[in-house]
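Source: prediction; values computed, not measured.
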Amino acid sequence: MEYLNVGQMAKENCVSSRTLRFYQERGLLEPAFVDEANGRRYYTITQAPRIDLITQLQSAGFSLDEITGIIEDADMGRLQQAMAEKLEQTRARLAELDAARRASEDLLAGLKAFHTTPIRDNLLFAHEPDRLIVRLDAVEPAVMATWEEEDIAAQMERTQCHIKKQLAARNLPASLLRNSGVIVAKEAIAPEVQLFHHTPFVRVAPEDKADGAEVLPGGNALVMYTTFDAANPADRAQNRVARMLDYARAKDLEITGPLISESVTRFEHYFDPGKRPFYRISLPVRSRMAWNGNRIERGDAR
């Protein structure tokens, strides 16, 4: 049988000579013959399948230690089991990477919004998309009562801690805190509404497979981006909501769904607790004015 030196064997199998030497050092592939006179190593072409086995298992994510065990076992049944386990590990890793991708996209979107949105506290019109959310339990009234004497900064952080505990209780990733907010039911919207007293939620993706997920319908809305002044006790969410309601009344707009207040980004707050998180408040509305031929009529414009 023809012998191939290291360079020839490497060339035939599209690997480097260094790779073959490394395989030998790890006990994965021994030369077929070693010339005792000069120490040169030689292989036969029939050893190529061993190289293929190693490279294929590496491409599937197996470590060299794992490959060594597979080669030593030389058991097709155990190899099949190992392959099935590796596939499940790979799928889990892909899910983790996909979650990391979505987290990065969400956090980056928040930062971009922080730097590119119009002037704070301006009223805007926007079309809200449908969103998948999980409603969390509201803070118990008795617990909420203990917060009343605290400033808005402390209340915000207590709300965030409450959401984190809710996520843990539901086996949802803590990273979803980035997509948290509060829902105020349509019938509870009023100028004096206190957002912390209402239903917290987190936005999720279908890939999260979150129990209890529901669609929050989109539509046209009045929107305000805002940052509360922690140093000013009078600077409260109620001021923003009251402005939105006054505008809706002045423009004859009908409120069509729940008010949503959600965090856009808290990065500035992480770096400097004196800075307030950046929030987005949206109030779904539609005009009460409807077209009827050439006339505009007041009514329930569906």
Legend entry - Short side-chain donor-acceptor distance under 3.5 Å, H269 and E157: yes

Inset, instruction - Decide whether a cation-pi geometry holds between R120 and F278; the criteria are a distance under 6.0 Å from NZ or CZ to the six-membered ring centre and an angle within 45° of the ring axis. - result: yes

Legend entry - Sequence neighbours excluded, every pair satisfying ring pair (Phe, Tyr, Trp, His ring centres under 6.0 Å) that has a member inside residues 123-150: none

Legend entry - Summary of ring pair (Phe, Tyr, Trp, His ring centres under 6.0 Å) pairs that have at least one residue in residues 239-267, sequence neighbours excluded: F267-Y270

Legend entry - E12: partners by side-chain hydrogen bond (donor to acceptor under 3.5 Å, both in side chains), with sequence neighbours left out: none

Could you give the side-chain donor-acceptor pairs of residues 204-219 under 3.5 Å, partners two or more places apart or in another chain?
residue : atom : partner : partner atom : Å
D208    : OD1  : R102    : NH1          : 3.3
D208    : OD1  : R102    : NH2          : 3.4
D208    : OD2  : R102    : NH1          : 3.4
D208    : OD2  : A205    : N            : 2.8
E214    : OE1  : R135    : NE           : 3.1
E214    : OE1  : R135    : NH2          : 3.3
E214    : OE2  : R135    : NE           : 3.0

Inset, instruction - Give a yes-or-no answer on whether the side chains of R280 and Y225 include a donor-acceptor pair shorter than 3.5 Å. - result: yes

Legend entry - Set of side-chain contact (heavy atoms from CB on, under 4.5 Å) partners for N171, sequence neighbours left out: none

Legend entry - Members sharing Y3's hydrophobic cluster (side chains within less than 4.5 Å): F33, Y42

Legend entry - Residues D98, R93: salt bridge by 4.0 Å N-O rule: no

Inset, instruction - State whether a side-chain donor-acceptor pair under 3.5 Å links E85 with Q89. - result: no

Inset, instruction - May I ask you to decide whether E105 forms a salt bridge with R101, counting only side-chain N to carboxylate O separations under 4.0 Å? - result: yes

Legend entry - Salt bridge flag under 4.0 Å for residues R131 and E262: yes

